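In this text the structure is predicted, and so the values were computed from the model without any measurement. Every heavy atom of this structure was used, including side-chain atoms; hydrogens, water molecules and symmetry mates were not.
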Amino acid sequence: MKEVHFDVRGMSCAACSARVEKAAESVAGTEGVAVNLLKNSMVCSVDDTKADAVIAAVEKAVADAGYEALCREEGKTAKGSENELQAAADAETRQLKIRLYTSVVLCVILMAAAMGPMAGLAVPAFLDPRVSPVSAALTQLLLTIPVVALNFKFFRQGTKGLIHGAPNMDTLVAIGAGASLLFGIFALYRMVFALEAGDAAQTMHYAHNLYFDSAAMILTLITVGKYFEARAKGKTTAAVSALLKLVPETAVVMRNGTEVTVKAAEIVAGDTVVLKTGERIPVDGVVIEGTATVDESAMTGE
């Protein structure tokens with residue numbers, strides 16, 4: 001068995017990582033699948049006698065589950081270095097920030113238009129449902145559409161998860177916001193029909209039950225949470241990556257009385273590791289002999 005690393009894209013919560021892990025484990029020839037939501041990565045052991053076929057099968061299984069897995073195995077075409085992945089994450093955070101600010105501005109205007117007349121605020125006649133219910137409803141719809149368009153990713157990801165039988169948080173958001181939007185459109189049509197029929201009571205009933213503002217508010221509040229989550233995740237990922245870089249890639253071990261340089265991952269229990277002045281400690285162990293001052297940051301995280 002050989003260890004293979006993948007970059008995974010499209011995960012947003014613990015349910016997503018569990019779904020990716022389950023998809024990878026379903027492929028014959030894989031063992032010990034471990035998905036890291038924080039670093040958007042996955043590690044699994046594959047049968048080295050048919051590694052290429054298994055890797056391709058894992059990528060397909062994850063894609064069928066609604067996500068994207070890109071192999072980082074040595075010998076294959078590089079599909080994104082760590083710096084490129086970090087740049088992509090930073091770009092996504094910037095886009096999320098723009099979505100958030102635009103959504104907040106539109107949502108505030110929409111809430112003022114929808115709730116202002118109820119709160120006794122002075123609003124233009126075309127926004128007052130008691131004066132012009134249809135124009136007020138149409139204005140709310142026009143303010144809601146850009147918010148839905150900016151945050152359409154929730155609907156796309158939520159629908160994808162539902163189609164693949166793995167509903168996630170985006171699915172809940174899409175259902176809640178979608179139901180509010182569709183009911184608002186339904187109420188708008190009912191208002192027009194009632195107005196044409198001269199039914200003022202029915203018209204006012206639906207004029208006060210549009211829920212366009214609810215759809216926009218759901219999407220905006222979830223986007224606020226997504227933005228803070230992305231910022232926290234970015235800072236934590238950077239800190240973890242910096243800590244992992246403290247671990248050296250190679251080490252000197254004693255094999256048959258001779259010092260041999262090997263990869264840190266190839267050190268096995270029982271090996272004697274030789275540390276020289278200025279070197280970092282590659283693995284946990286017990287000091288057999290000698291004294292030195294060492295950098296403890298890898299152990300304390302400071």
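Linking ILVMFWY side-chain heavy atoms closer than 4.5 Å, directly or via other members, places L141 and Y206 in a single hydrophobic cluster. Hydrophobic clustering, with ILVMFWY side chains joined whenever heavy atoms are under 4.5 angstrom apart, groups V262 together with V273. With hydrophobic clusters built from ILVMFWY side chains whose heavy atoms lie under 4.5 angstrom apart, Y227 does not share a cluster with M217.
In this structure, the separation between CG on D199 and CE on M191 is 12.0 Å, given to the nearest 0.5 Å. Remark: L143 CG to L127 CG distance equals 8.5 Å, nearest 0.5 Å. For the atom pair N36 CG and E21 CD, the distance stands at 11.0 Å (nearest 0.5 Å).
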Tabulate below the donor-acceptor pairs under 3.5 Å that side-chain atoms of residues 96-115 make, not counting sequence neighbours, or state none.
residue: R99; atom: NE; partner: L150; partner atom: O; Å: 3.2
residue: R99; atom: NE; partner: N151; partner atom: OD1; Å: 3.4
residue: R99; atom: NH2; partner: N151; partner atom: OD1; Å: 3.0
residue: T102; atom: OG1; partner: I98; partner atom: O; Å: 2.9
residue: S103; atom: OG; partner: R99; partner atom: O; Å: 2.7
residue: S103; atom: OG; partner: N151; partner atom: ND2; Å: 3.1

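Taking the salt bridge (Lys or Arg N to Asp or Glu O under 4.0 Å) definition, one finds that E31 meets it with nothing, sequence neighbours left out. By the side-chain contact (heavy atoms from CB on, under 4.5 Å) test, I163 is found to be paired with T159, residues two or more places apart in sequence or in another chain being considered. Here R231 pairs with nothing under the side-chain hydrogen bond (donor to acceptor under 3.5 Å, both in side chains) rule; sequence neighbours left out. Every side-chain hydrogen bond (donor to acceptor under 3.5 Å, both in side chains) that D47 has, sequence neighbours left out, goes to T49. Contacts of C44 classified as side-chain contact (heavy atoms from CB on, under 4.5 Å), with partners at least two apart in sequence or in another chain: F6, V33, V46. Remark: R130 engages D128 in a side-chain hydrogen bond (donor to acceptor under 3.5 Å, both in side chains) (not counting sequence neighbours). Taking D64 as the reference, K60 meet the side-chain hydrogen bond (donor to acceptor under 3.5 Å, both in side chains) condition, with sequence neighbours excluded.
Within a 6.0 Å sphere centred on CD of E266, heavy atoms belonging to other residues, nucleotides or ligands number more than 12.
Here side chain to side chain donor-acceptor pair (under 3.5 Å) pairs that include residues 107-125, with residues two or more places apart or in two chains, number zero. Residue pairs meeting the side chain to side chain donor-acceptor pair (under 3.5 Å) criterion with at least one member in residues 173-198, sequence neighbours excluded, do not occur. For residues 107-158, the ring pair (Phe, Tyr, Trp, His ring centres under 6.0 Å) pairs, not counting sequence neighbours, are F152-F155. Applying the salt bridge (Lys or Arg N to Asp or Glu O under 4.0 Å) test to every pair with at least one member in residues 158-181, sequence neighbours left out, gives these pairs: D170-K226.
Between K276 and E259 there is a salt bridge, since a side-chain N of the basic residue sits under 4.0 Å from a carboxylate O of the acidic one.
Between the side chain of S41 and the backbone N or O of D7, no donor-acceptor pair lies under 3.5 Å.
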